[in-house]
Structure formats: C-alpha cells, structure tokens
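No experiment lies behind these values; they were computed from the predicted model shown. In the text below, chain A, chain B and the rest are named by the order of the sequence lines, each starting its count at 1.
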Amino acid sequence: MKKRLLVRNPISLISLTTVVSFILLLLLYGTIKFEEKIEKKILEISTADIISIVNNNISYIKTILKNENYIEEIKTNEKIQKKIENRLESLVTSNIKYSYLLYKDSRGIFRFLADGALIDEKAILDQKFDIDSSQWIDIFETKKPLSIRS
Amino acid sequence: MKNIIFLISLVTFSFANQYTFLVDKYDEEIELEAKIISNIAIASSKNEIKLFIPRITSIEKNIYSKFFTLVNNCNDANFIYVKRNYEIDSLCKNKINNKLFFTNNYQKLLKKDNFIGAFFWNKSRPNIIFVKDRLVKQNIKLSKDYEKFIEDIK
C-alpha cells in the first residue's frame with residue numbers, strides 16, 4: 001500500500017530521498033569531526049608523554065654539564081659526550097626515529113654534539129647538519145618544543 | 001547491467017597507474033638526487049660533464065641521462081659519483097688527477113682524499129659537503145651559494 005503511494009506520488013519519494021540524504025550527510029560530517037577530535041587528542045597525549053620524557057633527559061644532561069660553555073665541554077670530554085649519547089639512544093623507538101643534540105657554530109651552521117642513532121647511522125661529533133627550514137631555526141631561537149606537521 | 005560493469009572496469013584500469021605510487025616515489029627520490037648532483041657538477045666544473053656512476057642501476061641510468069651525458073667507464077668521464085662500494089684506484093687505472101670524484105657516503109669522504117665532496121641523506125634530510133683543501137687542490141672556485149657547504153676537514 002505504501003509502495004504504491006510512493007510510486008504514484010513522486011514528490012513524497014523525492015522528499016523522502018532528500019531527508020535520508022540529509023541525515024546521511026549529517027552523519028558523515030559528524031564522523032569526520034569526531035575523527036579529527038580523536039586524532040588531535042591522541043596526538044596531544046602521545047606528544048605530551050614524549051615531551052615529558054625528553055624534559056627528564058634534559059634535566060639529567062644539565063646535571064652532568066658543569067661549565068657554562070657546555071659546547072666545548074661536550075666536545076672535549078668524551079665521557080660526558082658518551083653519557084649524553086646513551087641518554088639519546090634510549091629515546092629512539094619505532095615511533096621516534098631520531099634523537100640528537102645540535103649546536104650552531106659561528107658561521108650559523110648546525111653541528112652534531114651527540115647522536116642517538118645506531119652505529120652505522122650515527123653522526124660524528126661536529127658533523128655538519130644542513131637545515132634550511134625556518135621552523136628549525138624557530139626551535140633553536142625559542143628553545144621550546146614545536147610540532148611540525150607535513 | 002553488463003554495460004555498467006564494463007564501464008566501471010574501463011575507468012578502473014584507465015586510472016590504475018595511480019596506484020603505483022610507491023614506484024613513483026622511489027623515482028622521485030632518484031630524480032631529486034640527480035638534480036642536486038647535476039647542480040653540484042655544473043658548479044664544480046667548467047667543462048661539459050661526462051658522468052660515470054660505478055654499478056649504476058637501470059632506473060638510475062634512465063633518470064640521470066636526462067641531466068647528464070653518461071659514460072660507461074671511469075677513463076671517459078670527468079665527474080665520477082661513487083654510490084656503491086668501488087675502489088677508485090683500480091677503477092680509473094690511476095688516471096685520476098683530472099677527474100672529480102663525489103660520493104654519497106660521509107665516512108668515505110673522510111677516509112679518501114680523492115673525493116672533493118659528498119651528497120648524502122642524514123636524518124631524512126639532504127646534506128652536501130665540499131672539502132676546502134681538496135677544492136683548492138683541484139682549482140675549483142664555487143659560487144657564494146655553495147659557501148655554506150664548504151668544510152675545513154683535515
């Protein structure tokens with residue numbers, strides 16, 4: 001009976017289709033927004049943990065550095081350099097690909113002080129590291145963590 | 001119904017090459033490398049570049065030939081880019097004085113004096129290094145754009 005009514009009255013069929021489409025679009029929009037919210041939350045939680053762990057390591061590294069000129073101290077004291085490197089090595093996981101400590105020389109070139117990579121991929125002390133992104137310079141200037149999304 | 005299925009299949013096969021994105025990405029990486037090496041070679045030499053890459057792959061051959069005149073042996077080349085393990089001395093039969101050698105390995109650059117520089121990926125970033133003394137020895141003067149890549153490695 002209802003089927004006949006819909007076939008005979010196309011306007012009610014169009015109205016019904018419009019209402020259903022609208023509900024489906026609302027659902028799709030809601031799902032996308034929900035997904036974005038969840039993604040943002042997951043990123044917040046995971047980066048907050050990483051930042052806390054890195055901060056703990058920074059505190060430790062600060063305790064072993066005695067001189068104000070810490071760049072020279074790391075360069076000349078192999079024991080300290082090794083200790084820092086061990087700390088950086090412990091940070092590398094399947095999600096954290098790289099962990100390293102850089103400094104900027106008088107020519108404005110970034111160089112490695114310590115690298116937490118595996119032996120084959122490890123950068124040596126004072127090795128140049130080419131950086132051309134302004135975001136990296138920002139990290140160096142502000143000394144604050146920065147999330148870069150590509 | 002048959003026509004609709006035929007049409008869907010036709011459209012799918014027509015756009016199938018888009019799903020080979022992994023292969024395309026790999027090619028892009030070699031292409032980027034070739035472009036950088038091309039710029040480096042042009043900056044380092046005034047003569048026409050005749051490039052030799054020991055143990056070159058077929059994909060590299062296709063891509064590098066867009067930017068260079070490729071040669072099949074070290075003796076005919078004036079620019080040699082060593083990407084894989086290869087002994088320069090035996091490779092060039094000691095006629096290495098008038099040729100420029102470049103590597104993709106930082107350790108090799110430090111160990112072997114023949115290399116004037118290196119281009120390599122470090123922490124997923126492209127890195128270029130020229131060795132100051134070796135550039136002077138080969139009488140190479142790079143433009144200001146390349147100054148930041150010159151290192152005083154002893």
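Interface residue A:Tyr100: only side-chain heavy atoms are found under 4.5 Å from chain B. Of the two parts of B:Phe149, the backbone and the side chain both hold a non-hydrogen atom closer than 4.5 Å to a non-hydrogen atom of chain A.
By the side-chain hydrogen bond (donor to acceptor under 3.5 Å, both in side chains) test, A:Asn56 is found to be paired with no residue, residues two or more places apart in sequence or in another chain being considered. Not counting sequence neighbours, A:Asn67 has no partner by the side-chain hydrogen bond (donor to acceptor under 3.5 Å, both in side chains) test. For A:Glu121, the side-chain hydrogen bond (donor to acceptor under 3.5 Å, both in side chains) test picks out no residue, with sequence neighbours left out.
A salt bridge between B:Asp113 and B:Lys137 is absent, with no side-chain N of the basic residue lying under 4.0 Å from a carboxylate O of the acidic one.
Interface with chain B: from residues 44-55 of chain A, no residue qualifies, criterion being any non-hydrogen pair under 4.5 Å.
Using a 4.5 Å cut-off on side-chain heavy atoms (C-beta onward), A:Gln127 and B:Asn122 make contact.
Once rounded to the nearest 0.5 Å, the distance linking OG of B:Ser38 with CZ of B:Phe79 reads 9.5 Å.
Residue with the most contacts toward chain A among B:Ile128, B:Ile153, B:Asn127, B:Ile129: B:Asn127 (heavy-atom pairs, distance under 4.5 Å).
The environment of B:Lys61 atom NZ is sparse: at most 12 non-hydrogen atoms of other residues, nucleotides or ligands sit within 6.0 angstrom.
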